[in-house]
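All of these numbers come straight from a predicted model, not from anything done at the bench. Numbered from 1 within each chain, the chains take letters A, B, ... in sequence-line order.
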Amino acid sequence: MKDKIALAAELGSGEELKRCIEILRDLGMSRFETFTPYEVEGLQELLGVPRSRLSWIVLAAALVGGGGAYFLEWWINVVSYPLDIGSRPLHSAPAFLPIMFEMAVLFGSIAALISALVLGGLPTLWHPMFEVEGFRSVTDDGFWLAVHAGDTALDRASATAALEAAGARRVVWLGAP
Amino acid sequence: MLDAPAHPRTMGALFPPWTNTAFRIALIGVALAATGVIVAPMVYARSPFATGAQQPLLQPIAFDHRHHVKDDGIDCLYCHENAQRGPYAGLPDTARCMGCHAQIWNDSVTIAPLRKSYESGAPIRWQRVHSLPDFVYFDHSIHVTRGIGCVTCHGKVDDMAAVYQVKPLSMQWCVDCHRDPAPHLRPLDQITSTTWQPTPEEMTRLAATFEPRSLTRCSTCHR
Amino acid sequence: MTKPIGLDALSRRQFFKLAGIGAAAAGIAGCSSRPARDILPYAERPPELTPGVATYYATSLVQDGHATGVIVETHEGRPTKIEGNPDHPASLGATRAIEQAAVLSLYDPQRTRAITDRGVPTSWASIERVLAEARADRGRGTQVLLEPTSSLLAGELLARIRATLPAARVTFWAPFAARASLAGHRSVFGRPLERRLALHDADVIVALDADLVGDHPFALAHARHFADRRRVVDGDSRMNRLYAIETSYSPTGILADHRFRVRPSEIGLVARELLAELAAAGKVAPELAAPRATGPRARWIAAIARDLVAAGGRSAIIAGERQPAAVHALVAGLNAALASTCVTYAPSALIEAGEASHDLGPLATALAHGEVTTLIIVGGNPSYTAPADQGLAIDRAERSLYLGAYANETAAACHYVVPGLHDLELWDVVRAADGTISPQQPMIEPLFDGHSTCELLATWLGDKPVAARERVEAAWPRLVPGTSFHQALARGAVASSATPAVPVEVAWSAVATHAATPSTAAYELELRAHPYLYDGRHANNPWLLELPDPITKLTWDNAAQVSPRTAARLGIKTGDIVALAVAGRSLEVPAIVVPGQADATFTLYCGFGRTGAEGVARGVGVSAFRLWTTALGFAAPVEVAVTDRQRTLAITQGHWELEDRDQLPSATLAELGHDPRVRSELARQRGPQPTLLGKFSQTGAQWAMSIDLTTCSGCSACVMACAAENNTPVVGREQVLNSREMHWLRLDRYVTGPDEDAPIAVEPMACQHCENAPCEYVCPVEATSHSDDGLNEMTYNRCVGTRFCSNNCPYKVRRFNWFDFKQHSGLQVLARNPDVTVRDRGVMEKCTYCVQRIRRAEIDAREAGRPFQGHDVRTACQQVCPTQAITFGSLNDATTAVTEHRTRPHDYAVLHDQGTVPRTHYLARIRNRNPELG
Amino acid sequence: MTTAAHDDVLLGRPSDHAINEQLLSTTWRPMTRGWKILFAICSAFTVLLFALITLTFMRGIGMWGNNIPNAWGFAIINFVWWIGIGHAGTFISAIMLVLEQNWRTSINRFTEGMTLFAVMQAGLFPLLHLGRPWFAYWLFPYPSVMGTWPQVRSALPWDAAAVSTYFLVSLMFWYLGMVPDLAGLRDRAPTRRRRIIYGICALGWRGSTQQWRHHKVAYMLLAGIATPLVVSVHSIVSLDFSITALPGYHSTIFPPFFVAGAIFSGFALVLTLIIPARRWFKLENVITLRHFELMAKMCMVMSWIAIYSYVVEIFLAWYSGDKFEIYQQIMYRPFGFYAWTFWTMIACNCLVPQLFWSRRMRRNLKVLWIASLLINLGMWLERFEIVVVSLSRDFLPSSWHTYMPTWVDLGILAGTFGFFGLLFLLFLRFVPFVPVAEIKQMRGELEREKVAA
C-alpha cells in the first residue's frame, strides 16, 4: 500500500537536503522520500536504505541465459539432429561457449535494465509529486524532500518552520495533513 | 549565457493519472505484438494454409477414389503402377482409364474430358495434390518395395471423394520417419491396404526382413 | 512429381507447347519451393518408358565423317547426357569434351528452324523443284559440296548420282580433314592408305607434332591404349616412353616423358634427321644417312634414335595430320625402317565418289568464273572455313542451297536454307576411323523441320520420299549383310567390322623428298584446330567456349601463343595485341605467353571470330582462317607488329609455377624405384596424422577417388562431363574474368621443372571430400555436412550464402552463384539432368562425387535386395576419362582399384599436412625418362 | 588507480542550473547552417546506401567485386571496421566507468551514441553479404518445420549472438544512462509536444531515492557486464578468421589484437567526431584539452599494441616454418600486388600515432583530427590486409586471383558513412549528448575534492 505524500519541500543542494532530513528526524519524523537531479552522496546511508538486491536478479538471469543457451546447443547437436560436421564431436564443448557467454550477458543485461526500472517504480508517467508546483526543478537544480502522510510525527507548523529555517526554497502541503 | 526561453509555468502534471495504466497496457501490447510477429509465422508454417494439407482441389474430372477403390476393389497399383518401378507414382494414362471406361459409363457426362483426351491425344490437366519442392528427390519405388505403404503418407484415399493431402509433407515430418522407419513397416502384400493393423510380433519380423536404416544424411533427399 | 509428356506420342509442335511444363516437371526448375501445380499424365504411355527413370540408347556422333560410338541418356524422350560406348572401338567408353557438349548443341537456339528462300519461309516442295532443276541435263552446272562422310547410305546415293547425273560435280571438304597423310602414304605405298596405330604394343613412341590423344579421329582409342601401358604400380613397373616433338603444347606434350620444342618448319627436318640416325645404325640404306642433326638437337635426336632402335618393332613414330605429305612419307619410311608392328595401314573409311575431289580449289574457281548453276552445300560451313586463297563466291552461283543444322555464315550466303539434323536426330549408318560400322539412331524427333543429307540426295535423284528409319532398315541387309540391324542398334556398332590392315611395300625413293632446310623466317605461325571448337562448328556452344584450354586455361577467346623468351624479346606480355601478317593478310590478336612454346613461333587456334547468326559465337575471338592459305598450309612465316593496345583475357589459372609448394609431386620411374629421398617425400604426403578428432562410424561403402596424374593429359573431357551431368551453369566472359567460373572440377596445370621445355603436369582438382572437412564446421546452417558414406554433402536449399566454407577450403573448389546464373527458359534448359538440383542465386555448390548416381545405385540395389557395394557406381568424370586416370570406389572394399591405389608408393594427398584427410588421392606424375637424356 | 583529482575536465565550475541550460539547450536551439548542410549530404548518402542495397538484393552479390577465392571482401572489412569503431564507445563508457576515470563522463554519451550507430552500420553487412539474405533467420535457433538448426561450431552464429547482444546491451546501457536526462528534457523542453515525447521516453523518472538506488547498481552492473562483453565481441569477430585454416587468418593472436585494434580505431573516430562537435556546440568548458590529451595517449598505447601484433605475426610466420604463412606474411603482404595497402597501413597505424609523444601535438586539434582520419584509414586497411590479401593468395597457386571492389562496393561503404552521419546528426539534435546529471554530479565531486584538498 503506497503512502500518500503530505509534505514536499524544495532545497537548493544535496547538502541542504541532508541537513533537513536530520532536522526533521530530530522532530521525530521518519518516513522520508527524496527527489534529486542526481545521486547525492551519503543520502542513501542517511535514509538507511538497504543495498539493492538487483545484482542477484541479474546473476540469476545470466545463469538462466547462459545455461539455457548451452543446453540448447547441446540438445540440437546431440539429441535433435545429430550430424557429422567435419568429424567434430557432436558435443563440441569449446564451440558452445561463445554463445553461452553472450546469452548470459544478454539475459543479465535485460534483467538489469528491467529490474532497475521496475524496482524504481517505473514506468509511472503520473506521480503525485508531478502535481506539486515547481517540482519540475527536480531535474534541474531542485533537491526535493517529501514526507509521507502516514508519518505520525508529521506536524504542519513545526515542519514548515524547520524547513523554512533550513533554507527551503518552497514548502508545499498536499491535501489534508 | 544561453538565451533560453523563460521557464514555462503551467500548472499540474504533464500526464494525467490514467496514463500510468494506459502506458503499461501499451507496453504489454508491444511485447505481445513482438512475440506474435515471431510466433505467427511458425504457427502458419504448420497450418494447412502453408502445407496445403486438407484442401481438396478442383479436378477436371470429378474422380471419386471411394467408388473405384472401395466399391470396385481396384488396387492402388493398378493405376499408379509406377510407384513400384520408379520415383514417380504418377497418374494412369488416358488409355488405362479407357480400358474400363470404353465399356462402363462410356457415355457419362462426367468423363467427357477423358473421352476428349482419348480422341485428341492431349493429356488431361489434373491438379497435383502431393507436391514436393524441386530440390527434394523422393523415390516411390524404394519406399513401396521396402515396406512403406501408401496409407502412411497419403492417408485413407479410399475414403476421399476428392483426394486431399493428409500429412504436412514438411521436412520435419519426413525426417521423423527416416530416423526410425521400423514402426511404419508393413508386409509387401499389405502395401496398398488402408486397414491393415500390425501385431507386435509381426513388427519385429518386418524389421528383421527389411532392415530399415536411419537415413538422416542430407543427400538422401537433397542432391 | 508430375509425369512428363511422352514425346513419341506427340507431334513436334505439341512438344514445344508442352516442353516448358515437361522441363519443370522433370525437376529441373531449381531451388524454388513452389512447384508447378499441374500434373499431366500421358494420353498413352510408351511401354518402354517409366517416368523418372532414364533410358539409354546407343548411337554415333560424327566428325569429318568419322564416327564415335556413344550411349545417350534420355529422360522421357529428352537427351540429357552423352557417354562413351564401351563396345565401340573409337570410344571404348570414353568421349572427348566435344561429344559431351554435343547434347547442348542439339538444343542450340540458333539452329536453323525452317526452310527459307532468301530468308522467306517456304516449303519442301520448292526445294524439290530446285533439286529437280538441278537434275536436268544430267546434272550439268550443279556442284555439291559435302563434308567428308563415311555414311553407307550416302555412299550408295552418291554412286547412283555418279551414274545418273555424271555432269554434276561432288566435292568433299572440311578444313581439318586429314588428307596429307593419304597423299604421303600414296607416294610411299602407291595407295592412299590411312595409318592405324596399335599403341598398346609400343614401347617407344615419337610424336612429331602429333596430338595423338587429342584431335585425331581415333584419339580416344589411342589414349586408352597408350595409357594402359603407363599404369605405374611401383618403381619396377614397365612403362612405355613417349617423346613429343612439337611447336605448341598439346595434351600429348603433357603426357610425354620427354618433350622438345621445335619450329613448325623443323618437324620434317627432325624426321629426316631421325632417318639419318637410323641409317647410321644400319636400319636403312646408308645413302639416307644425311643430313645428320647438328647443334643442340643432335644430342636428343641421337638418343631417341638409339631408343627406337633398341625397341625395334615395338616402336611407333607418328606425324601429325597437319604435316605435309612429304613428312608423312618420311615417317612411313621411319616406321618401315624399324619394322614397327605398332603402325599398320588400311584404306580410309571415307566415301570417295569417283571424280569427286577433296580439293576446294576447282569449286572456288568454277564459282568465280560463274560456271555454277546450282550450288548445293550439305553441312559444314565453307563460307567461314575456306582458306583465304580459296574463298567461295557463293553469290556467283545462280542458285545456292544450304542444308545445315545451324544458322551460320554459309546459311546466310545461300538462297535456300534447309534445316539439317543433329546427330541425335537422325538415322544413318556410318563408320569409325578404323572402318567399324556404327549405326546412328535418333534420340528425339527432329526439333525443327529438319532433313537429312540422304533425304536431300535422294530427292535430288528424284526418289520417292521414305521414312528415315525405313531407309536404314531396308538398306541394312544390303549394306551390312549377315548382321542383325537390331543387335547393331543395341550395341552401337557391328562387331569386328573394322577394315583390316593391308600389307604395304615401301618405295624408298619416295621417302626422303622433304626439303632438308627449315624456314629462315624470323617468326613462324602455326594454325591449329581448337581443342573444343574444332574448326568453329562448336563455336556457338557456351559449354565449350567456357571450357578452359588444356594448356593456356584461356576461355572465350583465342590468342596467339608465344614463348616467354620471344615475348620478352618483343616486349609483349599476355593480353597485348599483336598484328600477325601472313602473305599480306593481317590479323590483330592478343598474345598469350605460354611456357613450352617453341621460340620465335606463334600458335593460333582456328574456330573463333564467327560472323554467322549464332548468338553466343559472335564477337568471340578472331578467325585464324583468314591467315590460312592452301599455298602455305598450317605453318607459315609470319610478320609480327606489336600494337599498344590490350585485351584482358579470361584465363582461369594465371599461375604456372608450383611456387615452391608440394601440391604436385613428380618423379621419374627410376627415382620411384630407387631414390629413397623421393619415396620418403611421397610417403610424407599420405598416411595417418596426429589429430584430436575422433572418427564417426565408417561402415558400409566409404567413397573415395584416386587420380593417376601419369595418364592425365588435361584434355578436359572430365570437366565437360561434370558440367553436363551436374547442370553447372555457364557464366560468360565477364564473370570468368573475375574468377567466377562455375566448373566443379578444374584441371590445375603447373610447370613441374625448371628447364625451358617446361614439363607440364595436370592435377584435376574438385572437392576432395575431406574427412575432417574444414568447410563443414564453419557453415552456420548445416548446409554442408558429412554423410555416413564419407561424402561431403552440399545441401543447396539450406545454403544462405555466407561463403565461409569457400574461405576455409584449402583447395578452393567451391563455386558460388554470384548471380542467377541458371537459365530460366529457352531450349537449352532441356539439356539439364533432372536428377540434380539446379542451383539458385546466392548458393554455394561443388563436386558431390555424383551423389545422384550413388543414391540411384543404392536404391536399385536395395530394391533388388542386393547388398550395396557400389562396384557399379561411376562418377561422370571417371566414366568419360579417355585414359581411365580416375578411379572411384569404396575404401571399405579391399577389391576396389581405389583401395589398391592407396597402397602404391606414389599415392599422395594434396595438402596432406593440413590434416583435412581428403578422400581424393592422387598418384604422382611419373615420367619414364630416357637415362641418356637425364 | 583511484579517482584522479584532475580539475581541468570541467572548466569554470558552472552551477547545476547553468549546466542544465547549456547541455539541454542543444536539443531546442535552431540547428546551424553547417548542421543542415551536413544533414543533407548524409541523407543523400543514406539514399545511395539503400539504393545500392536494393540493387544488391535484386541482382545478387555478384554486383560486388567478390570472387572465388576472394569470397569475402568489402562487406566483411566494413563489418569488422565498423564494429571495431563501436568498441571505443563501450570502452569509454563502461570500462572507464568501472575504472573510475571521471573524465569519461563528459564524452561517454557521445561515444555510446557512436557505438550504437557504428554497430548499426556493422550489423548491415553480415546480412547484406549473404547470398540469400532472406534466409538470415536460419542463423538463429527456432523450431523449424524442417527440423534443422544452426550449426554452432561455426563462428558466424557466435557472431550473430555477439553482435546482436552487443547492440542490445549498448542500447540498454545508453538508454538507462539517459533516462534522468530525458526527464530533464521533459521538465525543461520549450514546447508541450516535446515535453510529452521526452516524458514518455523518461517513463516518469523523478530522481527518487529508490530510483537512484537501483539505477546506480544497474548502471554499474551493465558497465561491469559490458566490459567482458566488449572484449568478447571483437574476439569473436576475430574468430571468424582465426578458426579457419587459411594462411593469414589462422592466427592465435587475433582476439587481443582485434580488441586493441578496435579500441584504437574507435578512439580515432571519437576524435574525428568530437573535435568538430565541440566547436559547433561551444562545449570547450565541458570537453577540454585534457580530454584530447588523454585520448591521444590512448591512441598511442593502442598503436604500440598494433605494432607489437604486426611484429609478432610476421615473427611467428617465420618461426613456424610454415611455407604458406611465410609466403603470405613475409613475401606477399609487404611486396606483393597489394603492397601499397600494407605500407599505407604501417604508416597510418604505426608512424602517425608517434606524433603524440609530443604534448604540443596532443593538444593541437588540427593535428589530432588529421591523425585520427589517418588512423581510421589505417585500421580499415588492416582489415583489408587480413580479409582480402590473405584470401587472394592461399594454398594452391592455381586458385590465386586478385580482388577489386566495384562501384557498388565503394558506394555501399560511402553510404554507411552517410547513414552513420545521419543517425549521429539526429542524435546530436534530439538528445543531450553530454550527460547532464552525471556532469552535475561530477562538478559536486570535483568541488568536494577541492575542499578536501
Examine whether an atom of B/Leu57 lies under 4.5 Å from a heavy atom of chain C, and if so say whether it belongs to the side chain, the backbone or both; otherwise answer neither. side chain

Select all residues of residues 141-156 of chain B having any heavy atom within less than 4.5 Å of some heavy atom of chain C, and report them by number, or 'none'. B/Ser141, B/Ile142, B/Thr145, B/Arg146

Beyond-backbone contact of B/Arg125 with C/Leu40, side-chain heavy atoms, under 4.5 angstrom: yes

For chain B, which of C/Val53, C/Thr795, C/Ile859 has the most heavy-atom pairs under 4.5 Å? C/Ile859

Residue part contacting chain B, namely of C/Glu863, when any heavy atom lies under 4.5 Å: both

Below 4.0 angstrom, N of the basic side chain to O of the carboxylate: do C/Glu858 and B/Arg217 qualify? yes

Inspect the surroundings of CZ in C/Phe868 and state if more than 12 heavy atoms from other residues, nucleotides or ligands are less than 6.0 Å away. yes

Pull out the residues in residues 768-780 of chain C that come under 4.5 Å of chain B, heavy atom to heavy atom, sorted by number. none

Which atoms of C/Ser785 come close to chain B, meaning under 4.5 Å heavy atom to heavy atom: side chain ones, backbone ones, both, or neither? side chain

Looking only at non-hydrogen atoms, find the nearest pair between C/Pro41 and B/Pro123 and report the distance. O-CB, 3.0 Å

Can you tell me how far OG1 of C/Thr848 sits from NE2 of B/His222, rounded to the nearest 0.5 angstrom? 14.5 Å

Would you mind checking which part of C/Arg853 comes under 4.5 Å of any heavy atom in chain B, side chain (CB onward), backbone (N, CA, C, O), both or neither? neither

Interatomic spacing from OG in B/Ser219 to CG in C/Asn792 - rounded to 0.5 Å: 10.5 Å

Min side-chain heavy-atom separation B/Tyr137-C/Thr837 under 4.5 Å: yes

Less than 4.5 Å apart, side chain to side chain, heavy atoms only: is that true for B/Asn82 and C/Pro51? yes

CH2/B/Trp196: more than 12 non-hydrogen atoms of other groups inside 6.0 Å: yes

Is there a side-chain contact between C/Ile39 and B/Gln127, using heavy atoms and a 4.5 Å cut-off? no

Is there a side-chain contact between C/Arg45 and B/Glu81, using heavy atoms and a 4.5 Å cut-off? yes

Taking all non-hydrogen atoms of both residues into account, name the closest pair between C/Arg862 and B/Pro212 and its distance. NH2-CA, 4.5 Å

Below 4.5 Å from any heavy atom of chain C, which atoms of B/Thr220 appear? Answer side chain, backbone, both or neither. backbone

For the atom pair CG (C/Asp788) and CG (B/Leu215), what is the distance rounded to the nearest 0.5 Å? 7.0 Å

Is B/Lys116 atom NZ crowded by more than 12 heavy atoms from other residues, nucleotides or ligands, each under 6.0 Å away? no

Heavy-atom closest contact (C/Arg856 atom, B/Asp139 atom, distance): NH1-OD2, 3.1 Å

